2 protein chains.
Amino acid sequence: MSGGVEWALHCCVVLTGATEPVPAARLAAFHDVSPTYLAKQLQALSRAGLVRSAQGQAGGYQLTRDPQAITVLDVVEAVDGRQSAFVCTEIRQRGPFAATPEQCRVPCGIASVMYDADRAWRDSLRATTIADLAGRVGRDVGPETLPRAREWMAGRSG
Amino acid sequence: MSGGVEWALHCCVVLTGATEPVPAARLAAFHDVSPTYLAKQLQALSRAGLVRSAQGQAGGYQLTRDPQAITVLDVVEAVDGRQSAFVCTEIRQRGPFAATPEQCRVPCGIASVMYDADRAWRDSLRATTIADLAGRVGRDVGPETLPRAREWMAGRSG
DNA sequence: GATAGGGTACTCGGATACCTTTTGTCCGAGTGTGCGAGG
DNA sequence: CCTCGCACACTCGGACAAAAGGTATCCGAGTACCCTATC
């Protein structure tokens with residue numbers, strides 16, 4: 001899986017408490033990661049409609065909807081794509097015992113199992129929202145962290 | 001995910017009906033795939049202890065245990081490794097609001113969600129055995145296919 | 001003093017190189033088989 | 001005719017290149033703000 005997924009999720013959590021657009025450079029400084037590469041991930045989120053970008057001075061990114069309405073799966077699919085990690089190459093249609101195309105209307109057993117597992121994975125990711133993650137941050141590192149981070153986001157110098 | 005997983009699974013299904021070792025070259029011819037690259041996947045299965053390799057004339061690969069005792073997850077982990085697709089880089093410990101190491105005894109919320117999803121994925125793959133897949137092949141393409149394939153495996157020419 | 005215009009600084013977005021992982025290939029080590037020579 | 005030894009052919013196993021996708025970067029397009037000049 002792309003490592004950018006982790007960055008994107010952290011950014012979404014941080015954006016939870018933002019009241020005004022946050023520039024990509026500030027998000028990168030907050031997490032101490034490459035600003036240019038993080039920009040790429042944020043563009044993916046923007047294309048997926050999870051965040052709204054504003055250009056110009058005082059521009060940046062902000063969530064388009066309530067954090068409770070954004071699932072972890074939404075972010076993962078925005079960055080890594082929507083298709084299953086397993087891709088069936090239809091081996092059964094090759095070789096001396098190739099199956100006929102009409103026998104291949106339904107996915108083969110191997111593909112079915114892999115697709116089912118992929119569905120279970122996505123279902124699990126869908127069960128948690130960005131709001132859940134933000135709430136857990138408060139419990140893990142203290143409730144005052146998120147407001148302080150919000151204040152830092154609004155400030156000018158790092 | 002590695003495309004070799006699909007090849008390895010198909011090979012395990014075919015080996016279900018084999019009564020004597022099957023060479024890698026023959027398995028490759030059966031599936032019409034690259035013999036040398038398939039050999040790599042079979043080596044991974046051998047390292048994991050799922051198949052036993054026999055060298056010399058009349059050598060080849062055969063399953064080490066009953067197909068009912070080999071899960072799809074076993075094969076996937078043998079080829080693609082056992083670690084989660086998501087790797088936490090501990091972003092929370094970086095930047096101006098870095099969490100202290102003692103706050104990081106437990107995985108962060110993001111990592112937890114990803115690990116839970118990974119566990120659900122693996123649980124799903126563990127629920128199906130190679131024997132199940134072999135049985136489904138019989139239902140999909142006809143019960144006489146597997147015995148004929150077995151006969152072809154034992155024969156000398158393609 | 002209020003307003004319109006322009007310049008500036010800041011922002012995102014896509015096009016562009018680099019590098020690690022995956023894919024694909026080759027050759028050497030090891031082993032069981034079959035043949036031949038000897039008893 | 002039986003047995004022992006040897007050479008062979010076939011097998012796997014790990015080491016070695018090529019290609020693709022992920023990683024990282026840069027520069028151009030666009031926009032809001034602020035300063036200035038004018039009414």
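Since the model is a prediction, treat every value here as computed from it, not as a measurement. Order of the sequence lines sets the chain letters (A, B, ...), proteins ahead of strands, with each chain counted from 1.
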What integer distance in Å separates [X]:[atom1] from [N]:[atom2]?
{"X": "A:His31", "N": "D:dA24", "atom1": "NE2", "atom2": "P", "value": "16 Å"}
{"X": "B:Gln55", "N": "D:dC12", "atom1": "CD", "atom2": "C1'", "value": "4 Å"}
{"X": "B:Asp32", "N": "C:dG24", "atom1": "CG", "atom2": "P", "value": "13 Å"}
{"X": "A:Glu20", "N": "D:dA32", "atom1": "CD", "atom2": "C1'", "value": "14 Å"}
{"X": "B:Lys40", "N": "D:dA17", "atom1": "NZ", "atom2": "P", "value": "13 Å"}
{"X": "A:Met1", "N": "D:dG21", "atom1": "CE", "atom2": "P", "value": "18 Å"}
{"X": "A:Gln43", "N": "D:dA24", "atom1": "CD", "atom2": "C1'", "value": "13 Å"}
{"X": "B:Gln41", "N": "C:dG24", "atom1": "CD", "atom2": "C1'", "value": "10 Å"}

If you look at every strand shown and take non-hydrogen atoms under 4.0 Å, does [X] touch a base, only sugar-phosphate, or nothing?
{"X": "A:Arg52", "answer": "nothing"}
{"X": "A:Ser2", "answer": "sugar-phosphate"}
{"X": "B:Ala24", "answer": "sugar-phosphate"}

Please confirm whether the shortest side-chain N or O distance from [X] to OP1 or OP2 of [N] is below 4.0 Å.
{"X": "B:Ser46", "N": "D:dG13", "answer": "yes"}
{"X": "B:Tyr61", "N": "D:dG13", "answer": "yes"}
{"X": "A:Ser53", "N": "C:dG13", "answer": "yes"}
{"X": "B:Arg47", "N": "D:dG14", "answer": "yes"}

Problem - Nearest-nucleotide pick for A:Tyr37, side chain only, options being D:dG22, C:dT25, C:dT33 - result: D:dG22
Practice task
Decide if atom CD of B:Gln68 counts as having more than 12 heavy atoms of other residues, nucleotides or ligands within a radius under 6.0 Å.
Solution key: no
Problem - Approximate separation, where rounding is to 0.5 Å, of A:Glu20 CD and A:Met153 CE - result: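 Nearest 0.5 Å value for the CD-CE distance: 11.0 Å.
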Practice task
Kindly give the heavy-atom pair with the smallest separation between A:Leu125 and B:Ala117, and that separation in Å.
Solution key: CD2-CB, 3.5 Å
Completion exercise
All heavy atoms of A:Gly109 vs all of B:Asp140, minimum pair found to be N-OD2, 4.4 Å
Problem - Side chain to side chain, B:Arg92 and A:Val137, heavy atoms closer than 4.5 Å - result: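 In short, these two side chains do not touch, never coming nearer than 4.5 Å.
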Problem - Most 5' of A:Gly3 and B:Val22 on DNA chain D, judged by nearest nucleotide - result: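 The 5'-side residue here is B:Val22.
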